Colleague: 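To start, I am sharing the structure in question, which I have written as structure tokens.
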Amino acid sequence: MNPISRRSLLKGTGALALGTLALPGIVRAQSKELVIGCAGSHTAWMEQIVAPHMRETIGAEILFEGTKSSVNLEKMASNRSNPYLSVVQMDDPVMIQAVEEELLRPMDQSAVPNLANLRDGTIHMDGMWANYVQPWAGIAYNTNAREGVDSWSALWSEEAKGRVIIPSLQNTEGMWTLFAAAMLATGKPFAEAQYETDAAFAKLEELKPNVLTTYSIMSQAFNLLEQGEITMLSGNFSSYTLPRKAEGVPVDLAAPSEGIFAMPSGICLVKGGPNPELAEAYVNEMLGADLQAKIAEFASSVPANTKVDAGAIVPSGVPIHSPDWSFVTSNRREWIERFDKLMAG
């Protein structure tokens with residue numbers, strides 16, 4: 001596929017094409033570009049923060065494909081013989097699948113020196129991927145309709161009938177509603193309740209009268225929340241809700257008493273991807289203190305770089321849950337099928 005047809009294809013699928021700015025004093029024979037796979041919900045800060053930073057620091061033009069992590073995995077798998085993505089940013093459970101399918105190449109400090117500055121636990125499988133930011137997830141709500149959400153059980157309340165949207169389990173954030181259902185059904189702490197799958201699905205069945213619909217594209221569901229068509233959107237992220245709140249939209253993100261969920265966002269190098277050295281430079285900048293601070297502030301997320309102060313980004317006084325991602329990965333396909341049948345019935 002030549003560059004012109006590929007550029008047209010990317011634009012036609014919603015990719016964001018941005019110009020390139022050569023670094024002063026560096027002679028470049030031609031513009032350089034990187035195709036980045038990322039979450040669609042990250043479009044705002046990828047456009048406003050990351051793309052200009054990359055033009056100025058590494059002279060790269062960013063072609064951004066915003067979609068779900070599972071779709072990024074499919075793109076890597078279907079193009080493994082001729083990859084066009086250089087870097088992918090996606091959720092940890094999908095990263096595990098990508099490693100199992102041998103779609104990634106490891107990072108090391110010689111090529112990505114900012115790896116040395118990351119918090120413990122953010123580098124996985126000997127450098128196959130690293131977490132670059134960690135938004136928290138709770139329940140987004142319309143502030144014109146409610147004053148807050150004290151418990152995950154509010155999703156099941158009588159007053160919420162027909163006014164709740166939950167994510168599909170095809171979306172990683174869909175797991176939060178499943179795990180909350182497990183906690184409420186069993187009364188066990190999250191560390192134990194996350195393994196009580198049958199109890200979780202039984203509790204989800206009780207939720208059905210309150211669910212207007214499930215979503216696979218979060219932005220569409222969020223529009224309904226902003227417009228007051230629903231009162232609560234389960235499992236939403238600080239990186240999406242809080243910037244919208246700051247813009248004056250009547251929404252907020254609640255941290256229910258049972259706890260919130262840590263959503264580790266990973267970054268990796270695609271095996272055989274184009275411009276490998278430029279891709280490493282991109283990852284290094286994403287993990288650097290300057291860009292980490294800007295993304296964390298914009299997206300109300302915890303930075304991975306230890307040189308950046310997280311400040312009061314995460315609510316205090318509530319537990320922060322991080323799932324057993326290996327357990328999720330090994331069961332996710334079955335859970336998706338079970339969820340789809342439950343919600344369709």
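Every value quoted in this text rests on a predicted model; they were computed, and no experiment measured them.
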Colleague: Closest approach of Ala160 and Leu155, non-hydrogen atoms and distance?
Modeller: CB-O, 4.0 Å

Colleague: Does the Asp91 side chain pair with the main chain of Pro93, one donor and one acceptor, at a distance under 3.5 Å?
Modeller: no

Colleague: Examine the side chains of His42 and Gln89 and answer whether a donor and an acceptor come within less than 3.5 Å of each other.
Modeller: no

Colleague: How long is the straight-line distance from CZ of Arg333 back to CG of Asn331, given to the nearest 0.5 Å?
Modeller: 12.0 Å

Colleague: Are Gln170 and Phe339 close enough that some pair of their side-chain heavy atoms sits under 4.5 Å apart?
Modeller: no

Colleague: Assess the side chains of Asn305 and Asn114: does a donor N or O sit below 3.5 Å from an acceptor N or O?
Modeller: no

Colleague: May I ask you to test the Thr177-Pro167 pair for a side-chain heavy-atom distance under 4.5 Å?
Modeller: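 Yes - at least one pair of side-chain heavy atoms lies under 4.5 Å apart.
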
Colleague: Checking salt bridge (Lys or Arg N to Asp or Glu O under 4.0 Å) for the pair Asp198/Arg338: CA distance, chi angles, key distance, verdict?
Modeller: CA-CA 10 Å; Asp198 290 340; Arg338 188 172 179 180; 3.0 Å; yes

Colleague: Can you tell me how far CZ of Arg244 sits from OG of Ser239, rounded to the nearest 0.5 angstrom?
Modeller: 13.0 Å

Colleague: Checking Trp129 against Asp92: is there a side-chain donor and acceptor pair closer than 3.5 Å?
Modeller: yes

Colleague: Is it true that the side chains of Glu258 and Ser151 contain a donor and an acceptor less than 3.5 Å apart?
Modeller: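 Glu258 vs Ser151: donor-acceptor pair found between side chains.
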
Colleague: Do other residues, nucleotides or ligands put more than 12 heavy atoms under 6.0 Å from Asp150 CG?
Modeller: no

Colleague: Ignoring hydrogens and geometry, is there a side-chain-to-backbone donor-acceptor pair from Glu280 to Ala111 under 3.5 Å?
Modeller: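 Not a single qualifying donor-acceptor pair exists.
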
Colleague: Once you round to the nearest 0.5 Å, how far does CG of Leu224 lie from CG of Asn142?
Modeller: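 One finds 11.0 Å between CG of Leu224 and CG of Asn142.
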
Colleague: If you group Ile, Leu, Val, Met, Phe, Trp and Tyr by side-chain heavy-atom gaps below 4.5 Å, do Leu169 and Trp152 land in one group?
Modeller: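 Yes: a chain of side-chain contacts under 4.5 Å links Leu169 to Trp152.
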
Colleague: If you compare all heavy atoms of Ile165 against all heavy atoms of Ala221, which two are closest, and at what distance to 0.1 Å?
Modeller: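 For Ile165 and Ala221, the tightest heavy-atom pair comes out as CG2-CB, 3.9 Å.
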
Colleague: Work out which heavy atom in Ala289 is nearest to a heavy atom in Val308; give both atom names and the distance.
Modeller: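 Scanning both residues completely, I find the closest heavy atoms to be O-CG2, 3.5 Å.
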
Colleague: Is a donor on one side and an acceptor on the other found under 3.5 Å between the side chain of Glu196 and the backbone of Met183?
Modeller: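 Here the side-chain-to-backbone pair does not exist.
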
Colleague: With side chains defined as the heavy atoms from C-beta onward, is the minimum distance between Ile62 and Tyr282 less than 4.5 Å?
Modeller: yes

Colleague: Please confirm whether the backbone N or O of Asp252 pairs with a side-chain atom of Thr241, one donor and one acceptor, at under 3.5 Å?
Modeller: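 Pair absent, no side-chain N/O of Thr241 close to backbone of Asp252.
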
Colleague: Heavy-atom count check: over 12 atoms from other residues, nucleotides or ligands less than 6.0 Å from Glu158 CD?
Modeller: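 Open.
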
Colleague: Check the orientation of Phe190 and Phe261. Use parallel for under 30°, tilted for 30 to 60°, and perpendicular for over 60°.
Modeller: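 The arrangement is perpendicular - the two ring planes meet at more than 60°.
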
Colleague: Taking everything shown except Asn223 itself, do over 12 heavy atoms lie less than 6.0 Å from its CG?
Modeller: yes

Colleague: With rounding to the nearest 0.5 Å, note down the distance linking NZ in Lys32 to OG in Ser86.
Modeller: 12.0 Å

Colleague: Val251 and Glu226: side chain to side chain contact (heavy atoms under 4.5 Å, CB included), yes or no, with the steps?
Modeller: CA-CA 7 Å; Val251 295; Glu226 293 182 2; 4.1 Å; yes

Colleague: With a 6.0 Å cut-off (strictly less than), is the heavy-atom count around CD of Glu297, excluding the residue itself, greater than 12?
Modeller: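 No - once you tally the heavy atoms of other residues, nucleotides and ligands closer than 6.0 Å, there are 12 at most.
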
Colleague: Test your reading of the model: is there a side-chain donor-acceptor pair from Arg80 to the backbone of Glu101, 3.5 Å cut-off?
Modeller: yes

Colleague: Do any N or O atoms from the side chain of Asn275 and from the backbone of Glu33 form a donor-acceptor pair under 3.5 angstrom?
Modeller: yes

Colleague: Please test Asp290 against His53 for side chain to side chain contact (heavy atoms under 4.5 Å, CB included), starting from the C-alpha separation and ending with a verdict.
Modeller: CA-CA 10 Å; Asp290 184 25; His53 179 94; 3.5 Å; yes

Colleague: In Å and rounded to the nearest 0.5 Å, what is the OG1 to CD1 distance from Thr122 to Ile267?
Modeller: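 Output value for this atom pair is 12.0 Å.
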
Colleague: Using modelled atom types and a 3.5 Å cut-off, is there a donor and acceptor pairing between side-chain atoms of Arg119 and backbone atoms of Pro303?
Modeller: yes

Colleague: Within the structure provided, determine whether Val318 and Ser257 are in side-chain contact (heavy-atom separation under 4.5 Å).
Modeller: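 With C-beta onward as the side chain, the pair stays apart.
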
Colleague: If you compare all heavy atoms of Ala60 against all heavy atoms of Leu34, which two are closest, and at what distance to 0.1 Å?
Modeller: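 Closest approach of Ala60 to Leu34: CB-CD1, 4.4 Å.
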
Colleague: Side chains of Arg332 and Met175: does their closest heavy-atom pair fall under 4.5 Å?
Modeller: yes

Colleague: Looking at Glu205, I want to see if its CD is surrounded by more than 12 non-hydrogen atoms of other residues, nucleotides or ligands under 6.0 Å.
Modeller: no

Colleague: Scan Thr213, Asn210, Leu212, Thr214 and name whichever one has a side chain to side chain contact (heavy atoms under 4.5 Å, CB included) with Ile166.
Modeller: Thr214

Colleague: Okay, side chain of Ser238, backbone of Trp136: is any donor-acceptor separation there less than 3.5 Å?
Modeller: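 Answer holds: yes.
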
Colleague: So does Lys161 have more than 12 non-hydrogen atoms from other groups sitting under 6.0 Å from NZ?
Modeller: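 For Lys161, atom NZ is not crowded (no more than 12 foreign heavy atoms under 6.0 Å).
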
Colleague: How about Tyr240 and Glu173: does a side-chain donor come under 3.5 Å of a side-chain acceptor?
Modeller: no

Colleague: Show your reasoning for whether side chain to side chain contact (heavy atoms under 4.5 Å, CB included) applies to Met90 and Met76.
Modeller: CA-CA 12 Å; Met90 58 188 183; Met76 285 190 286; 3.3 Å; yes

Colleague: To the nearest 0.5 Å, what is the distance between OG1 on Thr143 and OH on Tyr141?
Modeller: 7.0 Å

Colleague: Is there a donor-acceptor contact under 3.5 Å from the side chain of Arg146 to the main chain of Met232?
Modeller: no

Colleague: Is there a side-chain contact between Pro274 and Val35 (heavy atoms, below 4.5 Å)?
Modeller: no

Colleague: Using modelled atom types only, decide if a donor and an acceptor are shared between the side chain of Trp156 and the backbone of Lys203 within a distance under 3.5 Å.
Modeller: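 Answer holds: yes.
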
Colleague: Show the numbers, then the answer: is there a side chain to side chain contact (heavy atoms under 4.5 Å, CB included) between Leu85 and Asn79?
Modeller: CA-CA 9 Å; Leu85 293 167; Asn79 293 282; over 6 Å; no

Colleague: Hey, are the side chains of Leu204 and Leu178 touching, using non-hydrogen atoms and a 4.5 Å cut-off?
Modeller: yes

Colleague: Over all heavy atoms of both residues, which pair between Ser81 and Pro83 is shortest? Give the atoms and the distance, please.
Modeller: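 Scanning both residues completely, I find the closest heavy atoms to be C-CD, 3.8 Å.
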
Colleague: Can you name the residues that form a side chain to side chain contact (heavy atoms under 4.5 Å, CB included) with Ile123, not counting sequence neighbours?
Modeller: Leu115, Leu118, Ala130

Colleague: Do you reckon Leu233 sits in the same ILVMFWY cluster as Phe237, going by side-chain contacts under 4.5 Å, direct or chained?
Modeller: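 Each belongs to a different hydrophobic cluster.
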
Colleague: Are a donor atom and an acceptor atom from the side chains of Tyr195 and Asp324 found within less than 3.5 Å of each other?
Modeller: yes

